[in-house]
Structures are given as C-alpha cells and as structure tokens.
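Below, chain A is the first sequence line, B the second, and so on; all start at residue 1.
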Number of protein chains: 2
Amino acid sequence: MTDVPDIVVSRLPVYLRALQYMVINGKSTTSSQELGEKVGISAAQIRKDLSQFGEFGKQGTGYNIPFLIDSLLQILKVEKVWDVVLVGMGELGHAILRYQGFVNRGFNIVACYDSDPLKIGTKINNYSILDVKDLVKDAKKAEIKMAMLCVPASSAQKVTDLLVEGGVLAILNYAPLSLAVPTYVRVQYIDPVIGLQRMAYYLNK
Amino acid sequence: MTDVPDIVVSRLPVYLRALQYMVINGKSTTSSQELGEKVGISAAQIRKDLSQFGEFGKQGTGYNIPFLIDSLLQILKVEKVWDVVLVGMGELGHAILRYQGFVNRGFNIVACYDSDPLKIGTKINNYSILDVKDLVKDAKKAEIKMAMLCVPASSAQKVTDLLVEGGVLAILNYAPLSLAVPTYVRVQYIDPVIGLQRMAYYLNK
DNA sequence: ATCATATTGTGTTTATTTGCACTAAAAGGG
DNA sequence: CCCTTTTAGTGCAAATAAACACAATATGAT
C-alpha cells in the first residue's frame, strides 16, 4: 500500500464517481462486474485495484456501495474538503468559480487571484478578486496545498513558480502548456484540445 | 503504423503543443532531450514514439521543428480543421463557445444546441442556440464527426445516444460520468474533480 | 582530413500492467 | 442440510510499455 502505482490511483476517482451515481439511483450493492460495465474497465482490473488497499467486498454478494464509497473517500483523502485557490479570472476562471460541483466532491475554492488591476477588488459570487502579488504570502499563511491555474499560457510558468513558493503541492493546470515543477509537486492537465486531437487521430478524413 | 498503441497517440498532442510553443519563441530545431525536458518525458520515449510513424530527425542535429510540427499535424489529422458541435449551453457551454483557442489547433465549433426553450433561438457570439431535437438530423446532414458534451450528468447519456445516432464518432465529455457508447465511438473525459482527487491521494492531511 | 561531440533510430532488456483462472466463501432454494 | 449460483481476492502468465545502450551518422573545430 506504500507503493500503489499511479495508474491504479487514477482509476479510483472514476470508481468513486460511478458508485456515488449508483447511490443516487437507489442502489445499495454492486459487483466488480456491474461496476466494470459502468466505467468500461474489466471486473478483474477493479478487483485488483481495490485489493491494493484492503478487502472491501464479500464473496457471493459483492460490494456494499456506501461502505465502498466511504473507503474510497478515505483512500483518496477526500472525506474532508480541501481548500483550493484559483488563479486567473478570465472567462474560464469565472466559469470555474461559478461551478457548484466542487464542494460535494471534496474541494472548496477559498480565494481567487488575478494580476489585472481592473479586476482586482471586484466581486464575483461573494469572492473578491485578490492581487496575485499576495498569493505567496496568503498561500503560506493559510497552508493551501492545491490550486487551479487558469491564466494564459504566457504567464502560467511564472504563476506556477509562485504557487510552488507558496507551498502548493498539487496544481490543476488549465493553461495549454507543460509546466516545470519540482518532483514533489503534482500537476494534472486539462486541455480540451489535447483530447480532441487524440480522437482526431482515429477519424478518417 | 497500422497498430500504434493509444498511449503513444496520447502523447503526440503534448509534443505538438510544446513544439508550437517553441516556434513562437523563435526556435527552429530541437532534440529529443530538450523536448523531453519541456514535457517531462524521457528522450528515449519520445524517439520511440516518433519512430512509430517514420524518421523525422537527423543524427547529430536533432529535429527541424516546423517539419516535425507538420508531420505531427498530418499524423493526428489536424492539419485541416474539424467541424465540431457543442451540446449544452449552460455556464460551461458558454465559456467554451467564447474560448478562442480551438480553431488554430484544428477544431471549429459549427453549431450549439440546448433543450431549454428559453435558450433556444437566443444568440451568443454569432451562434444561434439550436434545438437539440434537430441534433440528429443536422449532424447527419453536415456529417459531423466530433462533439463536445456539456449537459448535466442527468441528461448526458440521452444526448450521447443522439450524438451516436447522428453519426458522431468522437465525444469530448465534460459531464461528470462515464458514458456508454458503441466500440467504434471514442470518448475523452474532462472532469476537473477527478484530477483533483487523483492529486489529493498524494497529499498528507 | 581527422577527431570530438551530439544525437537519432532501434534491438534488447527490464519493468509494469493486465488478464486468466482458480480457490474460498457467501447466499438462497428446495 | 446440501446443492447451485454468485462473486471476491489472488498467484501466475501474458501482454504491454519503458528504459537502456549502442551503432550509425551528422556537424563543426582544428
């Protein structure tokens, strides 16, 4: 358990999401077979993945969904809510700030930053846009560990360096470029175009 | 080349993005070493990946960037622009429609749809919001192969079925759930929370 | 012209990931 | 109570992916 491959970890949130969806639909138990069909992953794969962390099912009956959800929340450390900062209040930053889907899945935006003097101080959804100059100081003080990065590509690396300086250890990067960070900092990339280009490869012209 | 692993294909857009960024910064040649440092992938990996499609570099000197970009555009089939439809004109759909970064990377939103009578017919950025009831017919007629899906989770599968019926073969799914599609249809998932949860695993509470 | 340096493409090895198939256990029916 | 069915967890084999290391080749300096 001290050395679970990242590829296994990356599937857990997908299982979690499907299980939470099942609960909403009134189900209380499931099997690796059924879950696998929902998420498009083989039943054996799911059992192997879960077995990395313990035994969560019962032979013959499968998995108790609320228990498995709870276990996954613990494993992923999202049974409590993480404070996250948002940097870059353009079009996308605004949409993210207004999105209601973070809190009940473990993340709460506690502050948002921009460098544009025209934006700093204005209010959106009860959030005051703060000056990115205060980012390092604020992040250190509030011990922020996670950030979402929505600035233009041209300033993304600069802001990343600030986040790292401020003690942030996990960055969700919406800027369309690869970031350089120390090995102890994690980055997840969200670039819709990369997804589209991956799929275009398989299309016929 | 008829059977390149998807994991290789998935890295090509990352290489492409980094190379295009290099061109902007005035560079005209690079090496697998340098590119690897930029994108966080080993030089050997990059060479192996590219060798799946041909020989693009020269011993001693490395890669000519414009030539490699061109080659990757061809391989990924994004040297021309694909028509894409957008379904779901909520907060996120609006932000996507206003985003300027698709066209110069190979994708053009040609129509947007919603099911809300209050939205249908209204205009955003020169786009009229169309009735999702016309989606299947329109997609067939215009031979649309790609779609972005931004509807709520509760209607995502239903709309997906419409897209498949309309002949769409590639779906960029922003709805936070796994979709069921025929094997010949590809889906790429964009769920920021999954990225955050993956990273939370590695944080200490 | 020769040598030192840089760097690709690739055969081979190593590591990782997935799938298979079986044992063990649980539940339900007659 | 026993038999059938279901299904988890897992050791092992197969498949896949990544890393290594080296021959081949290009450049530029002396």
Practice item. Extract, from 5' to 3' on DNA chain C, the first and final nucleotides lying under 4.0 angstrom from some heavy atom of chain A. Key: C:dT17 to C:dA27
Once rounded to the nearest 0.5 Å, what's the spacing between atom [atom1] of [X] and atom [atom2] of [Y]?
{"X": "B:L72", "Y": "A:Q197", "atom1": "CG", "atom2": "CD", "result": "9.5 Å"}
{"X": "A:Y127", "Y": "A:I109", "atom1": "OH", "atom2": "CD1", "result": "5.5 Å"}
{"X": "A:Y174", "Y": "A:L149", "atom1": "OH", "atom2": "CG", "result": "10.5 Å"}

Check your understanding: Could B:K38 and B:Y21 be counted as a cation-pi pair, given that NZ or CZ must be under 6.0 Å from the ring centre and within 45° of the axis?
Key -> no
Check your understanding: Ion pair present between B:E79 and A:K205, side-chain N to carboxylate O less than 4.0 angstrom?
Key -> yes
Point to revise | SB check A:R105 B:D191 (cutoff 4.0 Å) | key: yes
Point to revise | Side-chain donor-acceptor contact under 3.5 Å, A:D6 with B:Y201 | key: no
Practice item. Go along nucleotides 17-26 of chain D 5' to 3' and tag each nucleotide: B for a protein heavy atom under 4.0 Å from its base, S when only backbone or sugar atoms are that close, - otherwise. Key: SSB-B--BBB
